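See structure below.
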Amino acid sequence: MDATAAAKLLDHYAANARDLPWRLATRDPYRTWLSEVMLQQTTVATVTPRFRRFLERWPTVQALAAAPEEEILGEWAGLGYYARARNLIACARAVAERGRFPATESELRKLPGLGAYTAAAVAAIAFGEDAVPVDTNVERVVARVFGLAKRADVPAAARTWFPAGRHGDFAQALMDLGASICRPKRPACDRCPLAADCRAAALGTPEAFPAPKVKKERPHRHGVAWWIRRGDEVWLVRRPAEGLLGGMASLPGPEWTDDRPQVNALAIHRHGFTHFSLDLHLVPQGDPPAGEGWWQPIADLAAAGLPTLYRKAAEAALAAEREPKLAA
DNA sequence: TAGGCGTGGAC
DNA sequence: TGTCCAAGCCT
């Protein structure tokens, strides 16, 4: 691939890039890092308001490092992949302790939550290093332009194509193109600045690159959540620090199972996780179980920092209490 | 290294 | 309704 194609892409990006809130923060390590962690497996539309809210509450990495863990997890609630939030806290505290973000890809890579992609992205975008971030967009665009079916062949090709001194801009240009034009399905090749340089477009089968991943079957599971009322309050607990929804506020309940529980549920809320689906059976109980927890005012349920599963389950329980006949 | 780990939007 | 997919990381 010649340098002309790269220049065309950079020009297209300069003229058409979306005005994302973190783009103004290029070369700011804190904002770049925060946005990149939030964007891991998460859409721009979902991240944008959360990014702004985090920056309002914690304008610097020092402020974030000094914040109580429960408050950060509460602001993260609904964003998913909660290990990211736990790593975010650990990373902020490590950076605050050492005074600043490390400035190289290899040192960034050692921080919690910074894998191969994010370390390269922060190094390239915030520090101007010639690192090569390969996310799913870069992988797809490079696979199509070079006509590579095998994903494992993409990073080497990408390294030959990124223009020296412009890696941060080029990575963002590739990601913007991947999100808007070089989409997984029905790519808009007629609007693509790289169409004349693209092997997959020349073959007429852009969607065949890269080869699709093999999909796995998603099992179905069941859970019981106890719905414990005291006047206008409900009993909440905090989940164990590790594992699914680790460290997050939740309704109390026993371990989930593969089989349907024999209970008389007030409501059943169905939820889809990445690797299984769940029926959560909401069962009224009289008294809180042994162990720590707190009474949360129903009116302030939104402030409890519940992950989406429990937020929607609580909404279903409240709706069932109002309209018992619809709960069947 | 393959599987665990959330959620919401597009189709 | 279900399926795919998104600026991945960790073990």
Side-chain angles (χ1 to χ4, degrees), chain A residues 17-18 20-23 25-26 31-51 73 76-88 90-91 108-126 131-141 151-152 167-180 182-187 207 210 212-221 239-248 250 256 269-278 280 306-313:
Chain A
R18 292 171 294 171
L20 306 177
W22 45 88
R23 187 153 289 143
T26 298
R31 297 185 187 202
T32 303
W33 162 75
L34 180 61
S35 64
E36 290 295 344
V37 172
M38 285 187 164
L39 287 163
Q40 289 168 5
Q41 296 290 284
T42 309
T43 58
V44 164
T46 299
V47 166
T48 295
R50 301 307 197 96
F51 175 78
L73 292 176
W76 197 276
L79 268 180
Y81 285 137
Y82 298 99
R84 289 186 299 168
R86 304 193 296 270
N87 284 330
L88 186 86
C91 182
L108 288 161
R109 183 68 179 79
K110 298 174 184 173
L111 294 168
L114 280 90
Y117 165 75
T118 305
V122 174
I125 296 169
V132 181
V134 179
D135 77 319
T136 182
N137 289 298
V138 175
E139 179 183 63
R140 184 173 58 257
V141 175
R151 296 170 190 270
H167 281 218
D169 289 338
F170 197 66
Q172 292 177 88
L174 285 169
M175 291 187 278
D176 203 77
L177 188 79
S180 60
C182 196
R183 302 166 299 212
K185 308 288 186 189
R186 301 190 307 106
E207 288 188 25
K213 295 174 180 171
V214 292
K215 57 180 182 233
K216 290 166 304 209
E217 190 168 335
R218 199 174 71 153
H220 188 70
R221 307 196 68 197
R239 290 177 60 88
E242 303 298 322
L244 189 74
L245 307 175
M248 301 301 292
S250 76
W256 300 342
H269 175 65
R270 181 160 291 182
H271 189 78
F273 290 102
T274 302
H275 48 304
F276 66 95
S277 56
L278 178 77
L280 191 62
L306 290 171
T308 299
L309 165 67
Y310 289 109
R311 179 177 63 77
K312 290 187 175 176

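Note that the structure is predicted; figures quoted are calculated from it, not measured. In what follows, chains carry the letters A, B, and so on, assigned in the order in which the sequence lines appear, proteins first and then strands, with residues in each chain numbered from 1.
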task: Could you measure between the two P atoms, the one in B:dG9 and the one in C:dC9, and give it in whole Å?
output: 24 Å
Checking C:dA7, B:dT7, B:dG6 against the side chain of A:T308 (C-beta onward), the nearest is B:dT7
Ranking A:L79 and A:R186 by the position along DNA chain B of their nearest nucleotide, the one closer to 5' is A:L79
Taking C:dC10, B:dC5, B:dG8 as options, the one with an atom nearest any side-chain atom of A:N87 is C:dC10
**Prompt:** Going by modelled atom types, is there a donor-acceptor pair between the base of B:dG6 and the side chain of A:T42 at under 3.5 Å?
**Reply:** yes
Salt bridge (charged side-chain N to carboxylate O under 4.0 Å, His left out) filter on A:R218, not counting sequence neighbours, yields none
Picking from C:dC5, C:dA7, B:dG3, the nucleotide nearest the side-chain atoms of A:K185 would be C:dC5
Quick note, A:R109 side chain, CB onward, closest among C:dA7, B:dG6, C:dC10 is C:dC10
In numerical order, the residues of residues 115-123 of chain A whose heavy atoms come under 4.0 Å of DNA chain C are A:G115, A:A116, A:Y117, A:T118
The residue, A:I125 or A:L111, whose nearest nucleotide of DNA chain C is more 5′ is A:I125
Handout entry: Min side-chain heavy-atom separation A:L244-A:F276 under 4.5 Å
Key = yes
Practice item. Would you check if A:L39 and A:V44 make a side-chain contact, meaning some heavy-atom pair closer than 4.5 Å? Key: yes
message = Between A:Y81 and C:dC10, is there a contact of a side-chain N or O with OP1 or OP2 at under 4.0 Å?
response = no
